[in-house]
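Read through the structure below, which is laid out as C-alpha cells, and then see the notes.
Residue numbers start from 1 in every chain, and the chains themselves are labelled A, B, ... in the order their sequence lines are given, proteins ahead of strands. Values below: all heavy atoms of this structure, side chains included; hydrogens, waters and symmetry mates excluded. The model shown is predicted, which means the values in this text are computed figures rather than measured ones.
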Number of protein chains: 2
Amino acid sequence: MTEMSSATIADVAKRAGVSSATVSRVINRNYPVATSTRERVEAAIAELGYVANAHARALAGSTNRTVGIIINDVVDPFYAYIARGVEREATVHGRLCMVCCTQGSHEKELALIDLLHEQRADAVILVGGAHEDRAYAAEVGRRARALHTAGSTLVLCGRPSLGDDVPTKVVEYDNEGGAFAITDYLITQGHRRILFLGGPPSLSTTIARLAGHRRALEMRGLAQAKELVHTGSFNRRFGYDKVRALLAEGLDFTAIFAANDTVAAGVMQALELAGVSVPEEISVVGYDDVPVAQELRPQLTTVRIPLEEMGRQAVRLALGVAGESDYLAPVQTTTRVGTSIVVRGSVAPPR
Amino acid sequence: MTEMSSATIADVAKRAGVSSATVSRVINRNYPVATSTRERVEAAIAELGYVANAHARALAGSTNRTVGIIINDVVDPFYAYIARGVEREATVHGRLCMVCCTQGSHEKELALIDLLHEQRADAVILVGGAHEDRAYAAEVGRRARALHTAGSTLVLCGRPSLGDDVPTKVVEYDNEGGAFAITDYLITQGHRRILFLGGPPSLSTTIARLAGHRRALEMRGLAQAKELVHTGSFNRRFGYDKVRALLAEGLDFTAIFAANDTVAAGVMQALELAGVSVPEEISVVGYDDVPVAQELRPQLTTVRIPLEEMGRQAVRLALGVAGESDYLAPVQTTTRVGTSIVVRGSVAPPR
DNA sequence: CGGCAGCATGAAAGCGCTTTCTATCGCGCG
DNA sequence: CGCGCGATAGAAAGCGCTTTCATGCTGCCG
C-alpha cells in the first residue's frame, strides 16, 4: 500500500515464504497446492494488494484474453448494438473488449487492425459495410493473413467475405432479403412508385439493399424508374434534404424506402415540414430497426437486424465456441442471421 | 507469411544481419541508426510481416499505452457520448481504449477496475453516478489507491469525489446547477406545481438534480409538495407508467421535470396517449440532451451536458496533459464542465 | 526396515522486448 | 603520428510471469 511500484509475484512469494512458482499455481488454480500453503499465499496477496501483470502473463503464457472490435462510431446505435453483443459475449468467455473507432477512415481502420494485432487480441472484429476498393481489400486481406499466422482471427461482421483464400470468418445478415421483403410489402400494399433514398453508393450494404429492392420490383414486373433511386449517405440530413428537393421538383411517388432508419428520420421530418401526412399521403419504411424507429410518429415500419446477436456470433465464431453438434464438422467459418420486417404505422395503401 | 507463429525481433535482426537492439532502435526511432542499416532492417520487417508484441513491449518498457473506461451500457447515449470523447482523446494521445460495461452491477464494476489494473491501463475512467453505499465506496477507494501506487489513475467522471485522501481525479458537470436553472425557467414561465419524475433515489445524479430543483423552488418561495416528487429509475418505462398512474389519480400539476430525457420520452408518450397536449396543457423538460430530445414532438426543452467533452477531459486529466499555463501549478485533479438549458418546444406558460 | 510411489514444492529457463553499458571504427586535432 | 571523441552497433541484463523438470518428503507395501 505504501511502496510506489506494485508488488510482484516474487514479493508475494517472499512474504509467504514460498517460491514464485507456487504463487503462480495458487493464482491459476491449475495445479494442486496444499491448503495451508494456499492460504498463506492468499493472505500475502491480500496484504500486499498484489495485482497480476497481464502483460507478463500474456508474454509467458500465450493469450491475452482480449478481443478487439473496430467500428465507425460508438454513438451510432447500429454499431453500438453490435458492440454490446461483442462486449457481452467476450465477457462470457472471460475476455476484455477493446473498442476502436475509425470515424469512417480506411486508413485508420487498417492502422487499428495492426494495433490490435500488436496487442495480440484473440480476435479482431471488423464491423460494418465495406466500400468497393481493390487496394483496400488487398490490405485487409494481408492483415487477415498476418493475424491468422499469429493464431488470431479477423472476423468480418456485416460485410462480404474477401474470398476463400483469405482466412477470415464472417457474420452476415440477410441484407438483400430484408430489402426484398420490405419492398414486396410496399408493393402488396399497392405502391408502384417507390423512392429509394440514401446509403453511400459504393458501400456493400447499400448495394445489397438496393439489389433486394430491385429484385422485388422485378419479380412483380415493375419497371425500375431511374429517377426513383437516390443513393448518397446514411445520415439524417441526406434524407431531409433529398425529400425537400424532390418534393419541390414535383417528383411522383407514393412511398419511400429509406436505406436506413436514420435517413428515414430525416425523411419524416421533411415530410412533416412540407405538411405531407404519413402514411396517408406518403408511406415510409426504413432499415435496421434502431430505437429512433420507435420514436418517430408514426412509428416506423422497418427491417429488423439482430444486431446484438451478430456481435455475439462474431466472438463465438472467432473463439471457436462449438455450435450444436459440430464436433466432427470442419471449423465453422460463416454465420448468417436473418432479418425480418417489423410492421408499425408508417405504411398504408396509396390513395 | 508461411510460418505458423509470428516473427520476433530476433528473426528480423537475423535477417537484416544486425542485433535485436538495432531493430528495436529502428522501430522506436529513439536512437540514431545509420541510414543503410535502417533500410535493411525496414526491408526485413516488411518481408517477414513482423508485428511488434505489445506485451513484451509493455513489460520491458513501462506503459501499455492503453486507457480503460467503465460504463453501464454502450448503447445508452449518455454513456456512448462520453465513451466517444474518451476514445477520441485517447487516440489523440496514442492510446488504445478498452471499453467495459457493468450493466449496472457494482460487483462487476469493481471486478473491471481490477481487470483494467491488471492490464496496466494508463488510466481507468469510471463513468456515471454512484449509489450511496459506504462499503462500495471503500472498495472503490481501495482500488484507487492500488492504481495510484502502480502509477495509474482512477478518474471519476460524473460522480462525486471520494474524499481528499483518495487519490482520484474527477470530472464533474454542474448537475445541481442545471436542475436549478431549468426549474427556475419553468417557474418564470408561470408554473407552480412541477412534478419531478425519475432517477434512482440513492444515485448521486438524482440527488444532485433533485437538490437543484428544490433550491430553485425555495428561492422562489414555493413549497415543495411531497406528492410532486417521484424518484424511481432512469428508464422510459418509468416515465410512462408513472404519468399514466398520476393522471389517473387526478394529481394536480402543470409541468413535469423528468430526471433525464429517456424518462421524458416515456412521459411524452403517456401524455400523448392520454390526449394531453404538450406544451399547451402540460409542459415537459428533461435532462442530458441526448438525441431522443430532438426526436420527440414537440422537441424537448432540456439541460445540455457536454458529454463528449467530459470524456475528453477525463483522459486529459488522467494523462496529465498540461492545461493553459499550469507548468508551475500543482497537478490538476478536478475539472468541472458547465451545463446549459436548451430551449425547444415542450414548455409554455400554464393555462 | 528398505525402497518406491506420488504429492507438494522449488529452480530455472524462457516469452519478446527495451535499455544500459561496452566495443569498434574512422577521423580531426595537437 | 598518436590520442580522444563522435557516431554506430552489439551484448546482456532484466521486465513479471508460466511451466517444465528436478527434488524432497511422506507413507505404505513387501
Describe, in one word, how the ring planes of B:H106 and B:Y136 are oriented to each other, choosing from parallel (under 30°), tilted (30 to 60°) and perpendicular (over 60°). parallel

Distance in Å, B:R38 CZ paired with B:I27 CD1, rounded so as to fall on 0.5 Å steps: 10.5 Å

Here the pair of heavy atoms bringing B:A83 nearest to A:V74 is C-CG2, 4.4 Å

Closest nucleotide of DNA chain C for B:Y31 versus for A:G17: which of these residues is on the 5' side? A:G17

Result of checking A:D11, A:I45, A:V41 against A:Y50 for side chain to side chain contact (heavy atoms under 4.5 Å, CB included): A:I45

Any non-hydrogen side-chain atom of A:T333 less than 4.5 Å from a side-chain atom of A:K169? yes

Side chains of residues 86-94 of chain A: which donor-acceptor partners sit under 3.5 Å, not counting sequence neighbours?
residue : atom : partner : partner atom : Å
A:E87   : OE2  : B:C101  : N            : 2.8
A:R88   : NE   : B:Q103  : OE1          : 3.3
A:R88   : NH1  : A:E308  : OE2          : 3.4
A:E89   : OE1  : A:R312  : NE           : 2.9
A:E89   : OE2  : A:H93   : NE2          : 2.9
A:E89   : OE2  : A:R316  : NE           : 3.1
A:T91   : OG1  : A:E87   : O            : 2.9

Grab the CZ-P distance between B:R25 and C:dC21 for me, whole Å please. 13 Å

Starting at the 5' end of DNA chain D, which residue's closest nucleotide do you reach first, B:S20 or B:A56? B:S20

Would you kindly compare B:T8 and A:V18 by the position of their nearest DNA chain C nucleotide and give the one closer to the 5′ end? A:V18

Look at all strands and tell whether A:V23 reaches a base, only sugar-phosphate, or nothing, counting heavy atoms closer than 4.0 Å. nothing

Going 5' to 3' along DNA chain D, between which two nucleotides do contacts with chain B fall, using a heavy-atom cut-off of 4.0 Å? D:dT8 to D:dG16

For A:A34, which contact category applies under a 4.0 Å heavy-atom criterion: base, sugar-phosphate, or nothing? sugar-phosphate

For C:dT9, does OP1 or OP2 lie under 4.0 Å from any side-chain N or O of A:T22? no

